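Have a look at the structure below before the remarks.
Keep in mind the model is a prediction, meaning the values are calculated, not measured.
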Amino acid sequence: MTTDAVLLFSYGTLRQPEVQLATFGRLLEGRETAVVGYRLEWLTITDPAVIATSGSDRHPLLVPAGPGSLEARVSGTVFRVTPAELLAADDYEVDDYTRVLVPLDTGEEAWVYVFAGT
């Protein structure tokens with residue numbers, strides 16, 4: 001891993017070994033943490049390639065918890081990836097998701113895919 005690695009937080013399919021192999025060509029090493037200020041909803045995926053890779057048409061969707069929900073948190077895994085791998089993750093995610101920087105409960109910031117409509 002190069003020194004220009006970035007943090008990528010996953011609360012869904014990017015934690016699956018088959019998705020990592022298909023997207024990054026390797027298994028990622030990560031650690032458990034949580035995103036703060038967000039909650040989960042669910043999205044029905046229609047992209048056949050994403051469904052084939054993940055094995056499901058139902059994917060979790062991170063959305064802001066809203067004002068007064070500072071204790072809201074979503075558990076997941078944070079990975080160190082290269083900038084090229086981050087772009088590969090962009091290619092994997094469907095248009096319903098957009099990548100943003102979010103705070104983790106560790107005090108770090110990581111890239112994560114959230115609902116594009118927020």
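- Side-chain contact check for Pro60 versus Trp42: some heavy-atom pair is nearer than 4.5 Å.
- In terms of hydrophobic clustering, with Ile, Leu, Val, Met, Phe, Trp and Tyr side chains grouped at heavy-atom distances under 4.5 Å, Leu61 and Leu101 are assigned to a common cluster.
- Proximity of Tyr113 to Leu8: side-chain heavy atoms (C-beta onward) are separated by under 4.5 Å at one or more points.
- Gln20 contributes a side-chain N or O that, together with a main-chain N or O of Leu14, makes up a donor-acceptor pair within less than 3.5 Å.
- In the displayed structure, Asp91 atom CG is contacted under 6.0 Å by more than 12 heavy atoms of other residues, nucleotides or ligands.
- When all heavy atoms are compared, the tightest approach of Leu62 to Leu40 is CD1-CD2, 4.1 Å.
- Across all non-hydrogen atoms, the minimal contact from Ala116 to Thr98 is CA-CG2, 3.9 Å.
- Here the side chains of Arg99 and Leu86 are in contact, with some heavy-atom distance below 4.5 Å.
- For the atom pair OH of Tyr97 and CZ of Phe115, the computed distance is 10.0 Å after rounding to the nearest 0.5 Å.
- What you find for Gly76 and Arg15 is that their closest heavy atoms are CA-NH1, 3.5 Å.
- Nearest heavy-atom pair, Gln16 versus Ser54, reported as atom, atom and distance to 0.1 Å: NE2-O, 3.0 Å.
- The minimum heavy-atom distance linking Ser75 with Phe9 is given by the pair C-CZ, 3.8 Å.
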Is there a salt bridge (charged side-chain N to carboxylate O under 4.0 Å, His left out) between Glu85 and Arg26 once you walk through the steps?
-> CA-CA 10 Å; Glu85 289 171 330; Arg26 69 180 181 100; 2.6 Å; yes
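- With sequence neighbours excluded, the residues satisfying salt bridge (Lys or Arg N to Asp or Glu O under 4.0 Å) with Glu108 are Arg31.
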Would Leu104 and Glu109 satisfy side-chain contact (heavy atoms from CB on, under 4.5 Å), going step by step from the backbone distance to the final call?
-> CA-CA 6 Å; Leu104 301 178; Glu109 284 190 325; over 6 Å; no
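- Considering only residues two or more places apart in sequence or on other chains, Glu29 meets the salt bridge (Lys or Arg N to Asp or Glu O under 4.0 Å) condition with none of them.
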Show the numbers, then the answer: is there a side-chain contact (heavy atoms from CB on, under 4.5 Å) between Asp96 and His59?
-> CA-CA 11 Å; Asp96 294 299; His59 289 203; over 6 Å; no
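- A heavy-atom distance below 4.5 Å is found between the side chains of Tyr92 and Thr13.
- Note that OG1 of Thr77 is 10.0 Å distant from CG of Leu28, once rounded to the nearest 0.5 Å.
- Connection of Val63 to Val102 is established within a shared hydrophobic cluster, with ILVMFWY side chains joined at heavy-atom distances below 4.5 Å, either directly or through further cluster members.
- Of the options Leu43, Thr46, Asp47, Ile51, a side-chain contact (heavy atoms from CB on, under 4.5 Å) to Asp57 is made by Ile51 and by none of the others.
- Taking OG1 of Thr33 as the start and CG of Leu7 as the end, the distance is 9.5 Å to the nearest 0.5 Å.
- For Arg58, there are no salt bridge (Lys or Arg N to Asp or Glu O under 4.0 Å) partners two or more places apart in sequence or in a different chain.
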